[in-house]
Amino acid sequence: MQKFFSNRKLVIAIVIFIISFGLMSVSVAIRDKKSTPPLIQQFGNDVAGAVDRVIAWPVNGLQSATNSVSDLLNTYQENQKLKKQVDQLAQAKVSAQTTRAENKQLRKELKLNDSLSDYTTVTANVLTRTPSSWMNQLVISKGATAGVKKNMPVMSQSGLIGRVVEVNQTNSKVELISNTSSSANKFAIQITNSAGKTVNGIISGYDKSSNLLEMGSVTSNVKIKKGDKVVTSGLGGNTPKGLYVGKVSKVKQDDYGLASEVEITPAADLSDLTVVTVAEQ
Amino acid sequence: MSFSRLRVIFPIGLFVALFLDGSLSNVFAGHLFSYPYASVLHLTLLWLVFAVFLDDHDALPVGIWATFVGLVFDWYYTGVFGVYMVGLPLIVYLCRQIKPWLDLNFLTLLMIYIINLTILEAFTYIWYTMGHVISSSLADFAVYTLGPTIAVNLAIFVILYYPMRRLYLSVI
């Protein structure tokens, strides 16, 4: 043990730490570039993903088996609840169809072809989640070959969950909106209140202890109430308009009392994800 | 002759542990990552620690495999290189250093494992903070991450200790 601080070992230790720190700095510096990841990194990820599929398959199978059992137990109550909803849904569906058709026609007359709210989707399975409290990342089972591109927004059935940060050929990494890292990309969102007025802003942070998203620096005078719906605004170019984010849970003054801060309950449950949808503009 | 079997079982188990870490984290995300607490599974580390302490001949190339599996971890899970790639072999090195001083039994190995978990979590926390990958305060780290992580992994350790010891005794 006392030989630890002999010269040779100390030098080796320092060299290793410098190499490690250098590698980390380089990968952090280049991870936001469009060409990242390089081919060799993609290849490694594809190989690891293929092996992971083999191991994840029985685990996921077990999960879906237990899910089916708990589903079966709740079937009766759920069925009754759903029956009520179905009647209302049919009506909503018809009215949405007419509105969509009308919208299309009006757009044609205005010669407005691509609007912000048009998007197509790619559905993918969640392969794995990064076992770390720092990186809230998922690996999903679709990659560049299925048309996934960097920075595309990712949704679960109920709402926005994150953004694609790394695309390989057959899988890609998704950074969840709960990521608190300073380099995380922020989503442009808008809140529509009951009077139909909108407030624009970006998701500026995530409050870990209360599981709420924050939208800071709001200086608009539009009154926002609890329960108002929050959707992506489509500004900034990467994200289509109208992806559901969540509901307003609280509006408060920020620390300096100049602007207000809106707290948003995310619609998606970030801890129960098996299938996700990548939106492609 | 029988010893060569361990040389095959060890790396396979290591990678199974690595990918199980991720799959189980996803399946049990509701329990493991119930905000604000985050308990991180460390089956890979557990496998490495068992290999260092239960293999009496010190003949397994644990350090090299630790570096490789750390590289795959960085590559596949985080995309930030150089963290687990150094952290895991560091743990193996430290374990090898203290092994001759220890009277090996269940409790000492448990203590060692707690210390290893703390070192690895602290190492990744410091490294990610220095690299501006994350911004989190030390108090948050200790309360919300380190505590639950140690609790969950100790439970796994207690469950797996005797089966693993049997495995190593039977193979050698």
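Chain A is the first sequence line, chain B the second, and so forth, proteins listed ahead of strands; every chain is numbered from 1. Remember, it's a predicted structure, so these values are computed and weren't measured experimentally.
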What salt bridge (charged side-chain N to carboxylate O under 4.0 Å, His left out) pairs are there with at least one residue in residues 93-118 of chain B, not counting sequence neighbours? B:D58-B:R96, B:D58-B:K99
Take the angle between the ring planes of B:F15 and B:F19 and call it parallel below 30°, perpendicular above 60°, tilted in between. tilted
Identify which part of B:Y37 has an atom lying under 4.5 Å from any heavy atom of chain A, answering side chain, backbone, both or neither. neither
Angle class for the B:F106/B:F157 ring planes (parallel below 30°, perpendicular above 60°, tilted otherwise)? tilted
Partner set under salt bridge (Lys or Arg N to Asp or Glu O under 4.0 Å) for A:E261, not counting sequence neighbours: A:K252
Is chain B contacted by the side chain of A:N171, its backbone, both, or neither, given a heavy-atom distance below 4.5 Å? side chain
Which of A:V51, A:T66, A:T274, A:N45 touches chain B most, by non-hydrogen pairs under 4.5 Å: A:N45
Checking B:N26 against A:Q63: is there a side-chain donor and acceptor pair closer than 3.5 Å? no
Main-chain N/O of A:L127 paired with A:N125 side-chain donor or acceptor, under 3.5 Å: no
Sorted by chain and residue number, the side-chain hydrogen bond (donor to acceptor under 3.5 Å, both in side chains) partners of A:E78 (sequence neighbours excluded) come out as none
Using non-hydrogen atoms only, which part of B:F28 is less than 4.5 Å away from chain A: side chain, backbone, both, or neither? neither
Side chain, backbone, both or neither: which part of B:V16 has a heavy atom under 4.5 Å from chain A? both
Would you mind telling me which of A:D269, A:V26, A:D52 has the largest number of heavy-atom pairs within less than 4.5 Å of chain B? A:D52
Between B:D140, B:V86, B:L90, who has the most heavy-atom pairs with chain A when the cutoff is under 4.5 Å? B:V86
Determine the option with the most heavy-atom pairs under 4.5 angstrom with chain A, choosing from B:Y125, B:W127, B:F73. B:W127
Any donor-acceptor pair under 3.5 Å from A:T130 side chain to B:T78 backbone: no
In Å and rounded to the nearest 0.5 Å, what is the CG to NZ distance from A:L213 to A:K247? 14.5 Å
Could you check whether any side-chain N or O of B:Y76 sits under 3.5 Å from a backbone N or O of A:V139, counting only pairs where one atom can act as donor and the other as acceptor? no
Heavy atom to heavy atom, less than 4.5 Å: which residues from residues 142-150 of chain B reach chain A? B:T145
Tell me, for A:V126 versus chain B, whether the close heavy atoms (under 4.5 Å) come from the side chain, the backbone, both or neither. both
Heaviest contributor of heavy-atom pairs below 4.5 Å to chain B, chosen from A:A29, A:G22, A:S132, A:S25, is A:S132
May I ask you to decide if B:F81's main-chain N or O and A:S27's side chain share a donor-acceptor pair within less than 3.5 Å? yes
Contact origin within A:I19 toward chain B - heavy atom pairs under 4.5 Å: neither
